[in-house]
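In this text the structure is predicted, and so the values were computed from the model without any measurement. To find a chain, count down the sequence lines: A is the first, B the second, and so on, and within it residues start at 1.
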Number of protein chains: 2
Amino acid sequence: MPIRLKDIAQELGVSTVTVSKVLRGNPDIGVKTRARVLERLNALNYRPNMAARGLATGKTFTVGLIVPDLLQPFFAHFAKELGGVLRQHDRALLLASSEEDPKIEAQEILALIQRGVDVLVLASCRDELLPVPELSALPVPLVLFDRRFKRMKANFVGSDDVGAGELATRHLIELNRKRIAHIGGLQTSPARDRTAGYLRALERTGRKIDERYLVLRKRLEERGDDIGFSCMQGLLALRRPPDAVFCYNDMTAIGAIQATLQAGLKIPREMAIIGCGNFRYADYLQVPLSSIDQDTAELGRAAARLTLSIADSPQARVQSIVLKPRLVIRQSSAPPSLKISR
Amino acid sequence: MPIRLKDIAQELGVSTVTVSKVLRGNPDIGVKTRARVLERLNALNYRPNMAARGLATGKTFTVGLIVPDLLQPFFAHFAKELGGVLRQHDRALLLASSEEDPKIEAQEILALIQRGVDVLVLASCRDELLPVPELSALPVPLVLFDRRFKRMKANFVGSDDVGAGELATRHLIELNRKRIAHIGGLQTSPARDRTAGYLRALERTGRKIDERYLVLRKRLEERGDDIGFSCMQGLLALRRPPDAVFCYNDMTAIGAIQATLQAGLKIPREMAIIGCGNFRYADYLQVPLSSIDQDTAELGRAAARLTLSIADSPQARVQSIVLKPRLVIRQSSAPPSLKISR
DNA sequence: GTGAAAGCGCTAACAG
DNA sequence: CTGTTAGCGCTTTCAC
């Protein structure tokens, strides 16, 4: 049995309240008593029972995180950074995965609420365009990340995905590519925004949009490589195939690269390819992959800071933190002049 | 305010005890009462307050998981599978990362104990050879995974790493390689075991061991690519460089591949390389990487089953679950005859 | 079959 | 400054 407040109080001949106050740094207590208690507390390496504290205070010092899929390096990285900061503030992280299934997501939300998390951090797998009544009336403060909802006013931490799409596409334009395609997603806000950025870049540089070069698919988040592969095959089968492609994410780009090479084309000379996410292995791929970096680590830390501030004052004003993306050029879209070192 | 047992009891004019018993399926209660209560419970979508239940029962229906680094796909995958099974059994997963730092690990262990997890699942970053008094006397059931301790009798779930090393090395032997090197780790049991497997394969096939081909380094778990790169450079600088290398893990192998290609050698013709872990991107690397598959998903599920059984009967007999590894041949160690399709 | 009483370990509010 | 009282929501024990 672990040691309890009461035990220490008895030993020292004071009340449990006194010990409790010392424990929490309440200034009520006199210097001498405080010293005595503190000494005992440390000597015995006392740890408060969080369940009891939670029951008494209504707070659990726990944060819930729901990601669509921990296998995606982005979510793993985010979780790692979030957890790291929370640890330093003595908060625990309850992790759940929705497997990109809205049903499971709903179930996990309930489970985490039931456990009384102080804040819920969520990258929802619900369709961006569907109504979200459940999410808007949660009995716990919510922080959305990566994926947001148009009609919903909520705390958010994520990337400027329109900017990311525009950045990637402009880069391809600057390479002097004439037929720039896009393989994109349909259901999440990052997917839609990156596509919007693609379109915007084309429009702003006075290009007309050719719909044959715009390939949108569902479930690109989960099976990017397969889908990227087949979409690219489709593009290559066009009478005038594109000479550059901006892919929704890095896995999609990997699939596109495979299809391109298999068709016997040279990358980047005949086909420039860029992904998004800048995942850890981009340097080591068959063709090192250009990508858009989202600074996932900072995203996680920013979410942690927001989460902590909300945990302390749950009725704070709704905040939106949006990080600027950054272009990382590698072999897959290297300009002819540029020598890329691995 | 969420709804409480007491609310339902009052509404129905029964005692909280009755409701509580119905909730937990206690057979005490009569059919009619039970039906009435059940109906109300569902209608209101009642969820017990876990903090209160935890305080009353001493159980939290929560499992703690500590991994060295969530960025390593192995640990992310394991966490995903473990969490998935636990979810189906209404257990929550408290996730912590030790960042490969024994100090942080100790801190996290304390934090999770304090939160009253029912079982602690741990891939420890402590040196396999150091004594582990803290771990042996935990006030909570422990399941080690991936990394074990020689002198410690504890529940364990992991791979047969000696077998993995032997499998990889035998494969290189069967390729008819004459100078087979190994880049391995020093501190964890998988590292030592894989090295042991390498040595065993050489011995069993009557080869003598050349220590110049055995390169062991610390911290290979965290910075495999860098360290693999420099170790390989060292091997290539030998008067008679190896013609094959078994690398501790896939990241290390990636580094070794880079160094090999940079030196102008052909893979696999002049240098066969094999890693371990069979991570998700092995197919897409510059040279598709042969590897040893550990069936991480099954590892996670097995750990979940063990964890659940321990949660139900904490004093059960100590168990060790060891999965057989599987060889996956790709381009980096393809026999001349074999055509490997991507 | 059902419920009253007691308590899990802690904290909030107030009285001294 | 310190301690008493009451209670967080649930379960357990044991009468009825």
At under 4.0 Å between heavy atoms, which parts of nucleotides 10-16 of chain D does protein reach? Answer with one letter per nucleotide, 5' to 3': B base, S sugar-phosphate only, - none. BSB----

Report the distance from atom CD of B/Glu105 to atom CG of B/Leu110, rounding to the nearest 0.5 Å. 11.0 Å

To the nearest Å, give me how far apart CG (B/Leu55) and C1' (D/dG7) are. 12 Å

A/Gln10 CD to C/dG9 C1', in whole Å, measures 13 Å

Salt-bridge contact A/Arg301-A/Glu298 (side-chain N to carboxylate O under 4.0 Å): yes

For the helix from C/dG1-D/dC16 to C/dG16-D/dC1, figure out the bend between the end axes, five pairs an end, and round to 10 degrees. 40°

Applied to residues 78-116 of chain A, the ring pair (Phe, Tyr, Trp, His ring centres under 6.0 Å) test, sequence neighbours excluded, yields A/Phe78-A/Phe145

Using a strict cut-off of less than 4.0 Å between a Lys/Arg side-chain nitrogen and an Asp/Glu carboxylate oxygen, indicate whether B/Glu100 and B/Arg147 qualify as a salt bridge. yes

Are the side chain of B/Asn49 and the backbone N or O of B/Ala52 linked by a donor-acceptor pair below 3.5 Å? yes

Is it true that A/Arg115 and B/Thr62 share a donor-acceptor pair across their side chains at a distance under 3.5 Å? yes

Between the side chains of A/Thr188 and A/Arg192, does any donor sit under 3.5 Å from an acceptor? no

So, is B/Thr18 close to the C/dT2 phosphate, meaning a side-chain N or O under 4.0 Å from OP1 or OP2? no

Between A/Asn26 (CG) and C/dA12 (P), how many Å, whole number? 9 Å

Heavy-atom check, side chain of B/Phe156 versus side chain of B/Ile321, under 4.5 Å: no

